Amino acid sequence: MPTIYNKLPADGFSGAVFTTVDTAINWFRLSSVWYLLFGLACCAIELMQTGGPRTDIDRIGSVFRATPRQSDLIIVAGTLTYKMASRLKLLYDQMAEPKYVISMGSCANCGGLFQRSYSVVKGVDKILPVDVYVPGCPPRPEALTAGILKLQEKIQKERFLVKKA
Amino acid sequence: MMDDRAKRLVMGLKARFEDAVLSVSEDSRSVPAIKVLDLHKRDIMLFLRDTEGFEFDTLVLISGVDLIDDDAIEIVYRIHSMVHRHHLVVKVEVKRSLRHPNVDSIHDIWPSANWMERETYDMLGVDFIGHPDLRRLLLPLDWVGHPLRKDYEEQAEYRGISTVRD
């Protein structure tokens with residue numbers, strides 16, 4: 001989070017915050033991580049609930065989009081089959097940079113309960129680069145929220161404007 | 001034990017198709033299960049659907065059993081009658097070691113057989129002769145192998161995705 005430099009005048013708060021451009025840009029980006037609805041199986045129910053009224057990720061800025069063109073994040077919630085894998089890759093390719101992937105639930109992390117099955121991809125990271133893994137079967141909405149907050153921490157640490165040494 | 005109605009069904013069928021009925025047994029719910037010769041299967045199905053007193057108007061299930069030790073694949077047909085509320089199971093055996101084990105399709109007798117036969121082809125590799133559109137239903141179209149066979153081995157990778165978690 002940007003540090004608020006203490007330059008308050010004696011007669012009241014002037015309403016100004018001083019920070020670096022990098023920090024500010026990242027602050028704006030992490031406060032508005034829109035995710036693509038990609039509920040495949042049971043984890044989709046918990047995904048819906050995480051966007052629902054009790055655990056509301058809209059309050060941390062994450063609202064769902066039905067199209068990859070308007071999303072920053074894809075939450076792969078559920079079991080991925082080989083048949084679905086090519087469609088997933090297509091949707092991921094349609095997202096604009098910078099984009100992130102959260103793998104939600106056992107099945108997306110490693111194939112989960114269906115690891116011995118012939119038709120299940122043993123983990124979504126065989127196809128996409130995953131940023132955050134959220135374990136659970138299914139993960140509680142609180143767990144998924146923690147995953148999104150972790151992603152926000154990751155976004156905060158990115159540096160675009162600083163020349164790499 | 002089969003109840004009287006079921007016994008009468010089996011008697012009626014045997015009376016009409018003496019040589020075709022190979023054996024009669026029953027499943028766990030006392031539904032009679034009749035094993036018939038492949039050659040007469042279509043005639044028997046048409047008889048069961050159209051004759052008064054039988055009138056099996058619904059095909060519920062087509063499935064297969066891989067009996068690798070007997071060199072056979074058993075195709076199981078489960079039919080119900082909404083009119084009379086009785087059920088029947090008809091089984092047909094196909095030789096497994098053929099390059100393309102095949103049976104006649106019954107999609108023109110009961111239209112629901114269309115997708116059921118596609119699924120049986122997908123999982124067990126049994127061809128249905130006369131089927132208008134025999135391709136895989138559940139697995140991707142370029143999948144190799146038929147998973148419900150007892151000697152099925154998973155391929156090492158599919159389109160570049162490795163099938164092993166490592």
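To find a chain, count down the sequence lines: A is the first, B the second, and so on, and within it residues start at 1. If you're wondering where the values come from, they're calculated on a predicted model, not measured in any experiment.
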Mind checking which of residues 34-60 of chain A sit less than 4.5 Å from chain B, heavy atom to heavy atom? none
Inter-chain contacts: residues 97-132 of chain A against chain B, heavy atoms under 4.5 Å: A/N109, A/C110, A/Q115, A/S117, A/Y118, A/S119, A/V121, A/K122, A/G123, A/D125, A/K126, A/I127
[X], [Y]: one ILVMFWY side-chain cluster at the under-4.5 Å cut-off?
X      : Y      : value
B/V89  : B/I73  : no
B/I34  : B/L46  : yes
B/V126 : B/Y152 : yes
B/V31  : B/Y77  : no
B/L148 : B/V65  : no

Do the rings of B/W143 and A/Y82 sit parallel, tilted or perpendicular, given the 30° and 60° boundaries? tilted
Can you tell me which portion of A/T81 sits under 4.5 Å from chain B's heavy atoms? Options are side chain, backbone, both or neither. neither
Would you indicate whether B/Y158, at its atom OH, is surrounded by more than 12 heavy atoms from other residues, nucleotides or ligands within a distance under 6.0 Å? yes
Honestly, the part of B/L138 sitting under 4.5 Å from a heavy atom of chain A is backbone
